[in-house]
2 protein chains.
Amino acid sequence: MTSRKVVSFENIKVACKNCSLATLCLPMGLTPDDVERLDGIIKRGRPYHRGDHLYRGGDKFNSLRVITSGSVKTYSPNEDGGEQVLGFHLPGELIGLDAIQDDNHTCSAIALETTAVCEIPFSQLESLSCIMPSLQHQMYRLLSREIGQETEMLTLLGKKSAEERLATFLLSFSERFKQRGFSASDFFLSMSRHEIGNYLGLAVETVSRLFTRFQDENLLHVERKHVQLLNIPRLYDIVQGTDSAKSSQSRI
Amino acid sequence: MTSRKVVSFENIKVACKNCSLATLCLPMGLTPDDVERLDGIIKRGRPYHRGDHLYRGGDKFNSLRVITSGSVKTYSPNEDGGEQVLGFHLPGELIGLDAIQDDNHTCSAIALETTAVCEIPFSQLESLSCIMPSLQHQMYRLLSREIGQETEMLTLLGKKSAEERLATFLLSFSERFKQRGFSASDFFLSMSRHEIGNYLGLAVETVSRLFTRFQDENLLHVERKHVQLLNIPRLYDIVQGTDSAKSSQSRI
DNA sequence: AAAATGACTTGATCCTTATCAAGAAAGTCT
DNA sequence: AGACTTTCTTGATAAGGATCAAGTCATTTT
């Protein structure tokens, strides 16, 4: 019975040209003809369930992957047995870029919920990008964007307070959900408090306390994974770290 | 008189095929013919002096740059006027990769000492990489490597203690100097304590105290910018954060 | 439905590192 | 050379967040 269900899933193969994520994804900026050619090398497998690994550190690198639904956590093991969460990835986002370097995955990727992905065999993508300059350009842009995003994380971890980190985290999801046509102020987080803390360089307890405090300050309403942002502008103030957030609150 | 000197500098244009850094740099893995073609698009300008900007955030992005001598700091301004140091770059290292994304530099690069660079006009590099698959491959690898390196910084800033951070920092320079044919245990750091602290997410005072402590523990000898590493293995122990460093010290 | 498990929250305490403050050393300028 | 500036060091204190310890709430198991 599961097998029949899986087969039906596999039949739901949305071609790039019909995919709502195309504007966020690799086909962005390509002509319809080029999208068609790119589509030709993409593999769409069965969905992953919560806890399934898309790949693990050390695995041979063959494909880049784009999340098409669900969400994924990437992480790398660190020396002393623990892990460092590297990112949370939503539909339209490309993962595995760090593995091009030496043909092996350096980090792992695990589904946080039922998740579908497109696999893009890298060697074929590379060949294709040799004959499709616009695809090559798009690849360079995506790789560069990834570098820019990690740079922002460096500032977050290097300079920001716990409060600023969580506000940044929440607004990042708000913006990304909005981009994808979902509510910017009402969403579910698919990861645990522990994973949020790990990602932000904070202890679980600190994350929990901050959620409570933000709620007490009417910045948001939170119930487990369900978050409703009630005062997005003030969250942006907090991100700025100008401390005007507190004063603007007291001015009310 | 300066102009004559500059002219003489400009004449010292080492072609890629004669450059000792070629194995670390873009030509890595290219055939001599391909290196020649790459060489054709590279511009070698006059050297920068300490404090000169190679580019600033907001500048139009035209070229990637490879340091050929000296050293460079990259940084991005952050909201509240301060800056976040993103990296220190030694000969053979490629900078500007983050700017491909939107055709503008998002961060700034400044010479920490007299520094020479090769400029690689990106549009020409892109065209060339379309007809030279091995160059394209090398570009993907370099971009991917950059992502991997930033990932390591995330772990450093997210999980490591001040002590582990400084040890990691010192060993990174040790390894990179060694790769370049210099001593792995005796070198000059071209940046200030303040810049080190900024980069590592620590206060200047903490960096200073750690240098003193490491010296007291006979891990190194430091006098201003001149660093001599006296016990590299134990520095590696510290990086691991297993705390075995301290016990191995007391065992002596 | 009760028990067990895991996730989250809350409180109390401790520790690391930031901040504040001042002095020393090095480098710069006239 | 002497004054000035900047960088670095060192000490004292404070604060932010980690850690330790319980307890609560959900969810799953039996």
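Just so it is clear, the values below take in all heavy atoms, side chains as well, and ignore hydrogens, waters and symmetry mates. Not measured: the values here are computed from a predicted model. Letters go in sequence order (proteins before strands), and every chain restarts at 1.
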Practice task
Using a 4.0 Å heavy-atom cut-off, write out nucleotides 15-30 of chain C from 5' to 3' as B (base contacted by protein), S (sugar-phosphate only) or - (no contact).
Solution key: --SSBB-----S----
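When rounded to the nearest whole Å, the span between CZ of B:F211 and C1' of D:dC8 equals 11 Å. Per the geometry, CD1 belonging to A:I196 stands 12 Å off C1' belonging to C:dA7, to the nearest Å. Spacing between atom CG of A:N198 and atom P of D:dG17 amounts to 17 Å, rounded to whole angstrom units. When rounded to the nearest whole Å, the span between CZ of A:R50 and P of D:dT28 equals 10 Å. As rounded to whole Å, 12 Å separates atom C1' of D:dT9 from atom CD of B:Q215. One can place CZ of B:F214 at 17 Å from C1' of D:dC8, the figure rounded to the nearest angstrom. To the nearest angstrom, P of C:dT9 lies 11 Å from CG of A:L166. The CZ-P distance, from A:R193 to C:dG6, rounds to 19 Å in whole Å.
Each end of the helix from C:dA1-D:dT30 to C:dT30-D:dA1 gets its own axis, taken as the rotation carrying the C1' atoms of four end pairs onto the next four within a five-pair window, and the two axes meet at 40° to the nearest 10 degrees.
Taking the ring centroids of B:F88 and B:Y199, they lie under the 6.0 Å cut-off.
Taking side-chain N and O atoms only, A:T212 has a distance below 4.0 Å to OP1 or OP2 of C:dT10.
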Handout entry: CA sep, side-chain torsions, deciding dist, call: A:D98, A:H105, side-chain hydrogen bond (donor to acceptor under 3.5 Å, both in side chains)
Key = CA-CA 7 Å; A:D98 57 300; A:H105 284 287; 5.5 Å; no
Exercise for the section: Could you walk me through whether A:E113 and A:K225 pass salt bridge (Lys or Arg N to Asp or Glu O under 4.0 Å), step by step? Expected result: CA-CA 13 Å; A:E113 59 193 306; A:K225 314 243 173 205; over 6 Å; no
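The main-chain N or O of A:V222 is found under 3.5 Å from a side-chain atom of A:Q215 such that the two form a donor-acceptor pair.
For the pair B:E93 and B:L90, the tightest heavy-atom approach, listed with the atom from each and the gap, is OE1-N, 2.8 Å.
Among the atoms of the strands shown, only primed sugar atoms or phosphate atoms (P, OP1, OP2) are found under 4.0 Å from some heavy atom of A:K225. Backbone-only engagement by B:S192 is indicated by non-hydrogen atom pairs under 4.0 Å involving sugar-phosphate atoms exclusively.
Between B:E163 and B:R213 a salt bridge is recorded (basic side-chain N to carboxylate O distance below 4.0 Å).
Between B:L200 and B:T168 the shortest side-chain heavy-atom distance does not fall below 4.5 Å. Using a 4.5 Å heavy-atom cutoff, the side chains of A:L210 and A:F169 are not in contact.
A cation-pi arrangement is absent between B:R65 and B:Y55 under the rule of less than 6.0 angstrom and at most 45 degrees off the ring axis.
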